[in-house]
2 protein chains.
Amino acid sequence: MKGKATSFDIAHYAGVSQSTVSRALRNSHLVNEETRKRVFDIAKKLNYKVDKNASNLRTQQSSTLALLLFEDPTSDESQINPFFLAMLGSITRACAKEGYDLLVSFQSASADWQADYEDSHRADGIILLGYGDYIDYQPKFNTLLEQNTKFVCWGATVDNRPDLTVCCDNYGGGKLAAEHFIAHSRTDCAFIGDASDHSPEFFSRFQGFKDELWANNVKINERKMANAISTEESGYHATRSLIANNIKFNALFAASDLIAIGAIRALKEANINVPKDVAVVGFDNIAIASYVNPPLTTIEQNTTIAGQMLVENLLKLIRGEEVQSTLLPPVLISRKSSS
Amino acid sequence: MKGKATSFDIAHYAGVSQSTVSRALRNSHLVNEETRKRVFDIAKKLNYKVDKNASNLRTQQSSTLALLLFEDPTSDESQINPFFLAMLGSITRACAKEGYDLLVSFQSASADWQADYEDSHRADGIILLGYGDYIDYQPKFNTLLEQNTKFVCWGATVDNRPDLTVCCDNYGGGKLAAEHFIAHSRTDCAFIGDASDHSPEFFSRFQGFKDELWANNVKINERKMANAISTEESGYHATRSLIANNIKFNALFAASDLIAIGAIRALKEANINVPKDVAVVGFDNIAIASYVNPPLTTIEQNTTIAGQMLVENLLKLIRGEEVQSTLLPPVLISRKSSS
DNA sequence: TGACATTATGACACCGGTGTCAGGAATTTA
DNA sequence: TAAATTCCTGACACCGGTGTCATAATGTCA
């Protein structure tokens with residue numbers, strides 16, 4: 001036998017029609033038990049596998065989800081952000097658990113991605129993963145909505161459709177960081193990240209942080225803030241510039257762990273002790289966080305649950321079920337960098 | 001317009017036959033330039049996308065590669081090994097670069113995975129990623145070979161087909177570790193990993209290590225070896241048991257970084273200073289390695305190149321081109337844990 | 001025994017493209 | 001002007017399944 005076996009081959013050997021083979025293999029009750037068994041045996045012997053293209057074409061569905069990864073174009077090209085990598089892993093796992101395959105693809109935010117996968121019938125739905133940037137995305141979200149494409153996204157919000165978003169309670173996470181500093185009497189706070197609303201996640205984290213400080217009558221000085229994107233390098237340079245400007249603080253909240261790790265490097269270089277002189281809190285709880293020196297206190301985003309929720313919610317949308325808005329509770333993981 | 005647009009819809013609006021639409025969209029030179037343009041415009045307006053299921057079915061290829069991730073069943077279920085995660089990232093990137101999609105799926109080594117993806121025409125080829133275990137895999141490799149399935153694998157070797165394997169020169173890497181210890185006059189060496197040939201990669205690393213020591217008239221004492229799988233926990237416990245048995249050494253080669261990190265934790269707990277009392281060298285150079293305390297000296301496997309090679313070699317196989325056996329050179333990254 | 005329900009099967013259209021072949025129109029050559 | 005060539009297009013079979021419908025065979029009940 002050359003080439004792949006088809007259901008016609010099985011039909012031939014089993015002495016039945018191709019229709020019957022198809023039914024038998026899908027365990028239709030319309031098929032005689034004995035026939036079914038014969039068909040199964042032959043299928044096994046011929047190493048037959050249903051051609052997914054043919055079956056998907058006919059049934060108009062694919063048992064596949066597509067994951068579109070948007071990268072921060074300004075970050076180092078060679079390494080994927082470990083947080084996204086962890087999400088990638090947990091989404092892969094969640095899909096496997098649900099019996100779906102996962103089609104992974106990198107996208108740049110500007111490209112014409114909005115339709116490809118679901119429109120070309122390669123996937124039943126799409127998961128969007130990246131740092132949310134409202135400005136670019138909304139028109140594309142609208143295109144997706146118009147076409148009735150099923151999708152969910154991490155982080156970024158979609159106008160009037162909170163059910164399409166799964167994200168961490170960034171605002172609440174920021175508050176946790178502030179509470180932590182206040183509990184440790186560290187009230188001279190610095191913030192490193194992006195406090196503009198260009199980066200909605202960082203913005204929310206900062207807002208929560210600021211508001212909680214404010215609720216405790218602590219104000220954050222604008223000079224003690226520096227912009228950074230989510231890389232170690234960027235955190236390092238932002239912190240260096242604060243130090244270079246002779247700005248003092250005894251607590252530092254970084255909008256992500258990578259930033260925090262870079263910040264700690266800069267502080268060490270300047271002979272500033274962590275946590276004695278400056279307590280540092282990050283955000284994400286990436287795997288590295290517990291191994292750095294000192295181990296990093298951080299606000300955890302549970303990637304395992306996040307991945308599961310994205311997949312579950314998307315499957316609900318595909319099945320036409322109602323989906324709740326999903327805000328994941330952040331948890332403060334206390335380690336040595338802040339005490 | 002409800003539902004997705006098909007080429008017939010375009011044909012209708014453009015006043016041409018569906019055949020012509022299909023040709024026009026694929027830039028066949030057989031189509032009049034003006035017609036082509038009209039078709040393109042209408043396609044764009046209708047947000048038309050070629051149905052991949054239909055086109056794959058007809059052409060019998062999919063522009064998709066499948067990645068099968070085999071997990072060490074004994075490792076912690078919740079976290080993916082960071083080395084594999086890095087590979088996943090780089091393979092995703094490499095696929096994107098080549099214009100292929102990537103279908104990712106977790107597999108358990110024992111399952112009936114050997115055919116599913118390529119046989120069901122979902123992918124043109126398969127990348128196998130996991131810790132090589134000859135015993136289980138070889139019969140499955142044979143099935144794949146019989147069926148003329150295109151595949152490449154990381155690590156594990158396939159009988160008589162070196163071209164199907166991409167892996168790091170584990171033996172050479174082990175030698176590098178030994179050279180390093182000798183250069184630093186640390187000749188009382190311990191090894192943690194699996195020195196049996198059950199785990200071929202660890203075995204090769206150990207062989208290289210042992211042979212190079214031997215070449216310098218240093219013997220490794222069998223009592224100074226402990227088994228471990230590639231997790232931090234396992235490395236920790238293995239090292240603890242050595243310490244508990246009062247075994248002394250001033251250098252430790254761990255078969256992977258996770259093991260090394262666990263080992264360092266055990267050493268620290270026993271008040272053994274790294275690197276003063278014991279120099280530690282790991283293997284992989286995972287992202288965490290540079291952040292642990294002390295930063296870990298390790299033998300790097302370049303995951304970016306590895307991912308690229310896997311994808312490139314697989315594409316060559318698919319195109320029927322000749323493939324060379326691919327051994328990636330390991331590089332020693334010297335950090336503080338060993339000096 | 002005839003009417004009717006049940007079970008098991010085959011024939012066939014269909015999903016949405018791609019590739020082959022035939023042929024008309026326009027252009028060139030004899 | 002007829003023949004040959006080139007260019008462009010439509011008709012149609014085909015990829016390998018799935019779902020519907022018709023029907024033969026068997027069993028059930030009055």
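Naming: A, B, ... by sequence-line order, numbering from 1 per chain.
Judged as a side chain to side chain donor-acceptor pair (under 3.5 Å), and not counting sequence neighbours, the contacts of B:Thr20 are B:Ser17. The side chain to side chain contact (heavy atoms under 4.5 Å, CB included) test applied to B:Cys167 returns B:Thr165, B:Leu327, not counting sequence neighbours. Every residue meeting the side chain to side chain donor-acceptor pair (under 3.5 Å) condition with B:Glu33, not counting sequence neighbours, appears here in chain and number order: B:Arg36. When the side chain to side chain donor-acceptor pair (under 3.5 Å) test is applied to B:Ser55, no partner is found at least two apart in sequence or on another chain. In terms of the side chain to side chain donor-acceptor pair (under 3.5 Å) criterion, B:Gln324 has no residue partners (sequence neighbours excluded).
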Table please: side-chain donor-acceptor pairs of residues 308-323 of chain A below 3.5 Å, with sequence neighbours left out.
from: A:Asn313; atom 1: ND2; to: A:Thr326; atom 2: OG1; distance (Å): 2.9
from: A:Arg319; atom 1: NE; to: A:Glu321; atom 2: OE2; distance (Å): 3.0

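Side-chain contact check for A:Leu128 versus A:Phe151: some heavy-atom pair is nearer than 4.5 Å.
Over its length, the helix from C:dT1-D:dA30 to C:dA30-D:dT1 turns its helix axis by 50°, as judged from the five terminal pairs at each end, rounded to 10°.
Counting only residues at least two apart or on different chains, no salt bridge (Lys or Arg N to Asp or Glu O under 4.0 Å) pair has a member in residues 51-65 of chain B.
Atom CD of B:Glu33 is separated from atom C1' of D:dT9 by 16 Å (rounded to the nearest Å). In this structure, A:Asn56 places its CG atom 19 Å from P of D:dC15, rounding to the nearest Å.
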Subject >> Per-nucleotide protein contact string for nucleotides 16-28 of chain D (B base, S sugar-phosphate only, - none; heavy atom under 4.0 Å) >> reply: BBBBB--------

